[in-house]
Amino acid sequence: MKQLPFVFISALLFISFSTAQAQTILKQVLVLQMPEDDGSNSASVVWHPLTKKYYTSMAGNASYPMGVFNEKGKLIQDDMDADYDFRGIWYNPITKMLQFNTYDSSGVGHIELESDGKIKSKIIDFEGMYQPDPQSVGAFYTPGNNVIYLSPSHDVEKYDSKTFKALGSLTRLYVGCKTKKESDALTETESSDNWYDRNLSVQYTNIPKGELAILNVADRIIELYDKKTGLLTSADIYIPAGIKLEHNFNFCFTNGIWWFFQKENRQWVGCK
C-alpha cells in the first residue's frame with residue numbers, strides 16, 4: 001500500500017485539530033432544583049453579583065413559585081408565590097436591583113431584597129404593555145442600559161431600563177445567515193421557516209461581534225449574532241445530548257453560564 005506523504009498527513013491532522021478546537025461542547029456545572037409545586041415552564045434565571053445568589057420563577061401564573069439559590073445551587077428560599085406571571089428577570093448594574101417583566105400588560109417592576117439576599121417583595125413600577133409581545137422575555141443590554149426583547153418580526157427591540165419607554169430596534173436577526181448576501185436573498189417565508197427550529201428568546205452575551213444569542217433547538221447549538229448587522233458569527237457552542245431543549249422560554253444566559261430548564265424534573269441545568 002502506497003504511503004501518504006508526511007506533509008499531507010500533517011495537513012489532515014492540522015485540519016482535524018482546528019475543527020475540534022473551533023467547537024465548544026458545554027459541560028454541566030450547576031443544577032437549580034425548583035420547589036415541587038405548580039407550573040412546568042420557567043423563562044429566566046438571573047445571578048445577582050452582590051448577593052451572590054440566583055433568582056428564578058416559574059412562568060404561567062401568579063400563584064406559581066419562585067426560588068432563591070446560593071452560588072452552589074442550594075435552595076435557600078422556597079416559601080413564596082411569584083405574585084405576578086413572570087417572564088424576564090435581570091440584574092440592572094446601574095440601580096443594582098433585580099428587574100422583571102410580566103405576561104402581556106401586567107407591567108414591569110423590581111424585586112426588593114432582604115439583607116441576606118432573600119426576596120422581600122415584588123413591586124410593579126409601570127402597569128401596562130412595555131414589551132413588543134405578550135409573551136416577551138426581557139434581558140438586560142449593558143451597552144445602552146436597556147432591556148431587550150425579541151419581537152414577533154424577529155427584531156431585537158430596545159426599551160429604556162428606567163422609564164421602560166420603547167427605543168426602537170437594535171437590529172433584526174437573520175437567523176442562519178452569515179453574510180449580507182444571504183440575508184438580502186432571504187424571503188419572508190424563508191425567514192419564518194428558519195425560526196421554526198429556534199427558541200424565541202434572545203440573550204445578551206457581551207461577546208464582541210457575538211453579543212446576541214439564540215438557541216437552535218434542532219441542531220442543539222447556541223448561535224451568536226452581531227448586534228449591528230444581525231448576522232450569524234458563530235455556531236460552535238454545542239449542548240450536551242442529555243439536556244432537553246424547548247422552542248419557547250426555558251433558556252437563559254447569566255453569570256457566564258448557559259441555562260436550560262428541564263420541565264420534567266423542574267430543574268435549571270447550568271452549562272459552561
Side-chain angles (χ1 to χ4, degrees), residues 26-103 106-125 137-140 142 147 161 201 203-206 239-240 242-244 246 249-272:
L26 297 175
K27 293 183 179 180
Q28 181 177 317
V29 295
L30 202 61
V31 172
L32 308 179
Q33 177 68 61
M34 286 297 288
E36 291 296 331
D37 211 324
D38 295 327
S40 58
N41 289 295
S42 185
S44 296
V45 58
V46 61
W47 168 254
H48 196 306
L50 301 182
T51 66
K52 304 295 183 183
K53 292 176 176 60
Y54 292 99
Y55 301 80
T56 187
S57 174
M58 299 301 291
N61 195 292
S63 66
Y64 289 171
M66 296 191 76
V68 180
F69 302 81
N70 68 14
E71 58 189 327
K72 295 183 179 180
K74 181 182 178 181
L75 183 64
I76 63 170
Q77 187 178 12
D78 64 350
D79 57 348
M80 68 196 138
D81 292 342
D83 294 332
Y84 303 102
D85 189 355
F86 276 79
R87 290 299 181 266
I89 311 174
W90 57 88
Y91 174 73
N92 187 323
I94 306 303
T95 62
K96 294 179 173 55
M97 285 184 169
L98 298 177
Q99 295 179 305
F100 62 88
N101 78 289
T102 62
Y103 169 70
S106 299
V108 291
H110 71 277
I111 297 174
E112 291 192 341
L113 303 176
E114 303 282 5
S115 58
D116 61 0
K118 293 182 179 180
I119 293 176
K120 179 180 181 181
S121 61
K122 289 84 70 178
I123 298 172
I124 293 290
D125 296 314
V137 179
F140 195 78
T142 307
V147 181
S161 66
S201 297
Q203 302 296 315
Y204 175 70
T205 69
N206 199 33
I239 299 157
I243 294 177
K244 189 174 181 181
E246 306 293 340
F249 306 150
N250 307 301
F251 167 61
C252 197
F253 179 74
T254 189
N255 196 29
I257 298 174
W258 300 100
W259 296 89
F260 310 93
F261 191 72
Q262 305 298 284
K263 297 169 67 170
E264 292 183 0
N265 52 19
R266 300 169 61 82
Q267 293 178 342
W268 275 109
V269 175
C271 297
K272 206 169 183 178

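- Between Ile124 and Val108, every side-chain heavy-atom pair lies at or beyond the 4.5 Å cut-off.
- Of all the heavy atoms in Gly60 and Asp85, the pair that sits closest is N-OD1, 2.7 Å.
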Can you check side chain to side chain contact (heavy atoms under 4.5 Å, CB included) on Tyr55 and Thr254, steps first, answer last? CA-CA 11 Å; Tyr55 301 80; Thr254 189; over 6 Å; no
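- Shortest non-hydrogen contact noted between Phe100 and Ile123 is CZ-O, 3.8 Å.
- Side chains of Leu98 and Asn92 form no contact here, defined as non-hydrogen atoms less than 4.5 Å apart.
- In terms of heavy-atom proximity, Val68 sits nearest to Gly117 at CG1-O, 4.2 Å.
- Remark: Lys53 engages no residue in a salt bridge (Lys or Arg N to Asp or Glu O under 4.0 Å) (not counting sequence neighbours).
- Using a 3.5 Å distance cut-off with no hydrogens or angles, the side chains of Trp90 and Ser44 do not pair a donor with an acceptor.
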Determine whether Met80 and Ile119 satisfy the following criterion, side chain to side chain contact (heavy atoms under 4.5 Å, CB included), listing intermediate values before the conclusion. CA-CA 9 Å; Met80 68 196 138; Ile119 293 176; 3.8 Å; yes
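- Of the possible polar contacts, none joining the Thr102 side chain to the Tyr84 backbone as a donor-acceptor pair under 3.5 Å is found.
- The CD atom of Glu112 sits 6.5 Å away from the CE atom of Met97 when rounded to the nearest 0.5 Å.
- To the nearest 0.5 Å, atom SG of residue Cys252 and atom OH of residue Tyr54 are 11.0 Å apart.
- The environment of NZ in Lys120 is sparse: at most 12 heavy-atom neighbours from other residues, nucleotides or ligands sit within 6.0 Å.
- Note: Asn255 CG to Tyr91 OH = 12.0 Å, rounded to the nearest 0.5 Å.
- Listed by chain and number, the residues in a side chain to side chain donor-acceptor pair (under 3.5 Å) with Gln77 amount to none (sequence neighbours excluded).
- Remark: the backbone N or O of Ala62 is not paired with any side-chain donor or acceptor of Asp83 at under 3.5 angstrom.
- When side chains are defined from C-beta on, Phe260 does not count as touching Lys244, because their heavy atoms never get closer than 4.5 Å.
- Taking CG of Leu75 as the start and CG of Asn70 as the end, the distance is 9.0 Å to the nearest 0.5 Å.
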What donor-acceptor contacts under 3.5 angstrom involve side-chain atoms of residues 27-40, with partners at least two apart or in another chain?
residue : atom : partner : partner atom : Å
Gln33   : OE1  : Gln267  : NE2          : 2.7
Gln33   : NE2  : Asn265  : O            : 2.9
Gln33   : NE2  : Arg266  : O            : 3.3

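- Put simply, the side chain of Gln99 gets close to the backbone of Ser161: a donor and an acceptor are under 3.5 Å apart.
- In this structure the side chain of Asn101 never reaches within 4.5 angstrom of the side chain of Val147, judged on heavy atoms.
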Apply the test side chain to side chain contact (heavy atoms under 4.5 Å, CB included) to residues Val269 and Ile243: give CA-CA distance (whole Å), side-chain angles for both, the deciding distance (0.1 Å), then the verdict. CA-CA 8 Å; Val269 175; Ile243 294 177; 4.0 Å; yes
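- Residues Asn206 and Tyr204 share a closest heavy-atom pair of OD1-OH, 2.9 Å.
- There is a side-chain donor-acceptor pair under 3.5 Å between Trp268 and Ser42.
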Go through the steps for Asp81 and Met66 under the test side chain to side chain contact (heavy atoms under 4.5 Å, CB included), then give the verdict. CA-CA 6 Å; Asp81 292 342; Met66 296 191 76; over 6 Å; no
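- Of all heavy-atom pairs spanning Ile257 and Lys272, the tightest one is CG1-CD, 4.1 Å.
- Scanning all heavy atoms of the two residues, the minimum distance from Ala82 to Ser57 falls at CB-OG, 3.5 Å.
- Taken to the nearest 0.5 Å, the OG atom of Ser121 stands 6.5 Å off from the NE2 atom of His110.
- The CZ atom of Phe251 sits 12.5 Å away from the CD atom of Glu246 when rounded to the nearest 0.5 Å.
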